[in-house]
Every structure is written in C-alpha cells, then in structure tokens.
Amino acid sequence: MTADTMRRMLNPPVYDLAVTEAISNVLAQTDYPGLSGGELVAVLKHAKVFEFEDGPNKRTRLLHTLHNTQVRRGDGATLVVFLAAAMDPTRYVNDHVRFHSLQAQLNEVLVLHGLGVNDAGKLMRVKQRARTLSEAAELAGTLHAELRRRGCHEQLLTFCREELLAQSLFHALSEAAKSIPDRVRSTTGIALDGAELYDEVFGSKTKSPRVTINALASPSQESEHRGFKSLLLGVHGHYRNPRAHSTRLGSEEDRTDFLDAFALLSYIHRRLDHADFG
C-alpha cells in the first residue's frame, strides 16, 4: 500500500501532534517492548526520513522528527508509513509477544483519537472513539489496558506480560501471586518459599525481621508489620498454592475477582517499594 493510498484511506490525514506524541511514547519507550534507537532510525528510512533529530530521550527525538517532517511536508502520510514499518509483523517473527504488547499499548491510546492498529500492523480508523480512559480500556479490549487504567503496579504488568496478552485470567493471577515471593527472594538473596521465607525475612516469634515496612517505633507500627506479613501468607495460601496444584481446566476466574486480586497484589508491591531492606 502506497503512502498516497494510506493517506486517502485515512482522510482527513493524520496530522495531529497528540496522535504523533502518543505513537512516539509507545514505540520509543525506554524499556521492552520499545524500539531501540537503531531500530527507529531504520524504520524512519521507510518513510524517507533520514535524520533523527536531537533531544533528551528517544521519545522526544522521535516526536520532533515525525512532527517536524509532517509540518514540512504538509500532511500525515509520514506518520502512517512510519507506523506501518515499525509494526510490520515480519519484524516480530521471533518475538510475537513484543508485537502484541506494542499493538495493545498503541490501541489503548489511539482509540481516544478514533484510531487503532490492526493485526497487520496498519493504522486504521475505528468505529467507536473513546472519550474517557474507562472507555479506552474497554474498547481496547485488553486486560493490560484495564489494569493500567486502575494503576496496577508496573512489576505485575512486567511479570505477567505474556499471560495478560493471552487474556488468561487463571495463569495471569497465578504468575502475579508468584511475583511477590520472587521479588522478596531476589532482593534479599534468601532461597526459601512460603511461610519459611516470610518468617526469615519479616521475622517471627524467634527471629528479628530483616526487612521492615515501617520504623517499628510503636506497638501500632509493630502490629502493622505483623499484619503485612500475615497478608503475604494469606496471598500465598489463597492465590498461589491452589493454582500451583491445579490446571486451568475447570478453574474459571471471575473477571471482577481477578481485577480486585490484582489491586491487592499491587498494594503489596507498593508497600515493598518503600520497605527497608537493610
């Protein structure tokens, strides 16, 4: 499909700073699944853009490059061709997860502008434009979109990336529950699990805590710390162990319960963000 054909298909042309910024923020994000600087330079050449403008980071550089080129050329075909090249499925034959993750993130923001990216990696107009973040999450149709809208902790989204893209509530929740002991082990270096791990890390009747969630400066804070440890044990027993010993078959998850569980697990990760690991 030529640039002129795509421009006519998307009449009026995509010539909107907000759209260009939304696409730049996703494709040039620092971490996975974002494209590297070298990948962006290579993709820009497909749109006959041969100079990657300067800036403090990849996102800003890409935004300035695309926007300024469109201003000079007077239409939005540059963005359309660039996006088609960046999202060409042949680029992701060895990493399907990366393609679907970028597609989902793009659709979360583009649906607010009445646009989307289809499975062929092409920009398209959508029938229904989202007017709120809630509508965007619903229309994007992904667990990832809804969880991001709810402020889900980034560590959970990273830990469960493949399961969320597959829309597997059972496996996503199973992996999410594992993310907490995995984080505690990797941070402390203590290779235990379950109650043994939490006794060793957060203390017990016979052991002083190695990690604390507050200063333990009062009976109230001591109680809060013990309660947090009990919460971890409850998550381990209620969410992790049952799924470790069963299969998805016959174990359907309720979507509302799933989202509430992720809210609880996000809270735990946020408390760990500010815990004193010594």
Side-chain angles (χ1 to χ4, degrees), residues 31-32 137 142-278:
D31 299 320
Y32 181 96
T142 65
L143 288 174
H144 189 275
E146 177 62 18
L147 290 169
R148 285 175 64 89
R149 184 185 74 82
R150 289 168 171 251
C152 181
H153 195 281
E154 193 64 33
Q155 189 143 344
L156 281 176
L157 297 177
T158 301
F159 206 89
C160 310
R161 180 184 290 117
E162 294 188 28
E163 292 76 19
L164 292 173
L165 287 172
Q167 303 284 302
S168 173
L169 303 188
F170 177 88
H171 290 117
L173 188 49
S174 177
E175 289 302 303
K178 294 176 187 176
S179 72
I180 295 170
D182 181 82
R183 181 177 182 181
V184 173
R185 280 192 296 268
S186 63
T187 305
T188 63
I190 297 174
L192 296 173
D193 197 22
E196 291 182 339
L197 173 66
Y198 297 138
D199 281 347
E200 188 69 30
V201 172
F202 295 99
S204 66
K205 291 181 178 179
T206 59
K207 295 179 181 178
S208 298
R210 300 188 184 203
V211 176
T212 57
I213 65 164
N214 57 42
L216 301 181
S218 67
S220 178
Q221 289 187 338
E222 291 176 358
S223 176
E224 181 188 35
H225 178 83
R226 290 193 300 271
F228 182 76
K229 177 191 165 186
S230 296
L231 180 60
L232 298 183
L233 291 169
V235 165
H236 187 83
H238 184 68
Y239 290 115
R240 188 207 163 165
N241 274 353
R243 288 163 181 80
H245 301 290
S246 63
T247 65
R248 185 179 60 156
L249 187 63
S251 303
E252 294 300 320
E253 301 283 356
D254 178 82
R255 186 180 178 88
T256 300
D257 290 344
F258 171 87
L259 294 172
D260 287 345
F262 262 67
L264 173 61
L265 298 174
S266 290
Y267 167 78
I268 291 173
H269 276 292
R270 285 194 294 272
R271 292 306 301 261
L272 291 174
D273 287 341
H274 301 288
D276 183 0
F277 281 84

Is there a side-chain contact between T188 and E200 in this structure, where contact means two heavy atoms from C-beta onward sitting under 4.5 Å apart?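 Of all side-chain heavy-atom pairs linking E200 with T188, none is under 4.5 Å.
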So, using salt bridge (charged side-chain N to carboxylate O under 4.0 Å, His left out) as the criterion, who are the partners of E224 when residues are at least two apart?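 For E224 the salt bridge (charged side-chain N to carboxylate O under 4.0 Å, His left out) partners, ignoring immediate neighbours, are R271.
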For a 4.5 angstrom cut-off between non-hydrogen side-chain atoms, does V211 reach L272?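 Result no, sub-4.5 Å side-chain heavy-atom pair not found.
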Partners passing side chain to side chain contact (heavy atoms under 4.5 Å, CB included) against L233 (at least two apart in sequence or in another chain):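 Per chain and number, L233 pairs via side chain to side chain contact (heavy atoms under 4.5 Å, CB included) with A195, Y198, K229.
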Side chain to side chain contact (heavy atoms under 4.5 Å, CB included) partners for D257, two or more places apart: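 D257 satisfies side chain to side chain contact (heavy atoms under 4.5 Å, CB included) with D254 once adjacent residues are dropped.
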Intermediate values then yes/no, side chain to side chain contact (heavy atoms under 4.5 Å, CB included), V235 and I268: CA-CA 10 Å; V235 165; I268 291 173; 3.7 Å; yes
For R226, what residues pass the salt bridge (charged side-chain N to carboxylate O under 4.0 Å, His left out) criterion, not counting sequence neighbours?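 Testing R226 for salt bridge (charged side-chain N to carboxylate O under 4.0 Å, His left out), a comparison that skips the adjacent residues, returns none.
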At their closest point, which heavy atom of C160 faces which heavy atom of A172, and how far apart are they?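 Minimum heavy-atom contact is SG-O, 3.5 Å.
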Minimum heavy-atom separation for R210 to I190, with atom names?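 The answer is NH1-CD1, 3.6 Å.
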Summary of salt bridge (Lys or Arg N to Asp or Glu O under 4.0 Å) pairs that have at least one residue in residues 258-268, sequence neighbours excluded: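 For residues 258-268, and leaving out neighbouring residues, there are no salt bridge (Lys or Arg N to Asp or Glu O under 4.0 Å) pairs at all.
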Quick one: pull up OG in S266 and CG in L157 and give me the separation to the nearest 0.5 Å.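 Rounded to the nearest 0.5 Å, the OG-CG separation comes out at 7.5 Å.
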By side chain to side chain contact (heavy atoms under 4.5 Å, CB included), which residues pair with Q155, not counting sequence neighbours?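 Listed in chain order: H153, R183, H269.
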Set of residues satisfying salt bridge (charged side-chain N to carboxylate O under 4.0 Å, His left out) with respect to E175, sequence neighbours excluded: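 Partners of E175 under the salt bridge (charged side-chain N to carboxylate O under 4.0 Å, His left out) test: K178.
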Return the minimal non-hydrogen interatomic distance between A177 and L265, and the atom names on each side.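 Shortest heavy-atom separation between A177 and L265 comes out as N-CD1, 4.1 Å.
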Once you measure the plane-to-plane angle for F202 and F228, does it fall in the parallel (<30°), tilted (30-60°) or perpendicular (>60°) bin?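 Answer is perpendicular, since the angle exceeds 60°.
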From I180 atom CD1 to L156 atom CG, the distance as rounded to the nearest 0.5 Å: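 One gets 7.0 Å once the value is rounded to the nearest 0.5 Å.
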What are the two closest non-hydrogen atoms of H225 and I213, and how far apart are they?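 Heavy atoms only, the tightest pair is ND1-N, 3.5 Å.
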Between CG on residue D199 and CG on residue L192, distance to nearest 0.5 Å: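 Interatomic distance, D199 CG to L192 CG, rounded to 0.5 Å: 9.5 Å.
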Please identify each residue that fulfils ring pair (Phe, Tyr, Trp, His ring centres under 6.0 Å) with F258, with sequence neighbours left out.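 Partners of F258 by the ring pair (Phe, Tyr, Trp, His ring centres under 6.0 Å) criterion, ordered by chain and then number, come out as F262.
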If we ignore hydrogens and angles and just use 3.5 Å, is the side chain of S174 paired with the main-chain N or O of H171 as donor and acceptor?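 No; zero donor-acceptor contacts below 3.5 Å.
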Non-hydrogen side-chain atoms of H236 and D193 separated by less than 4.5 Å: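 Heavy-atom side-chain distance check passes, below 4.5 Å.
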Side chain to side chain contact (heavy atoms under 4.5 Å, CB included) with T158: which residues, sequence neighbours excluded?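 Residues passing side chain to side chain contact (heavy atoms under 4.5 Å, CB included) with T158: E154, R161.
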Does CD in Q221 sit with more than 12 non-hydrogen atoms of other residues, nucleotides or ligands closer than 6.0 Å?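 Yes, enclosed.
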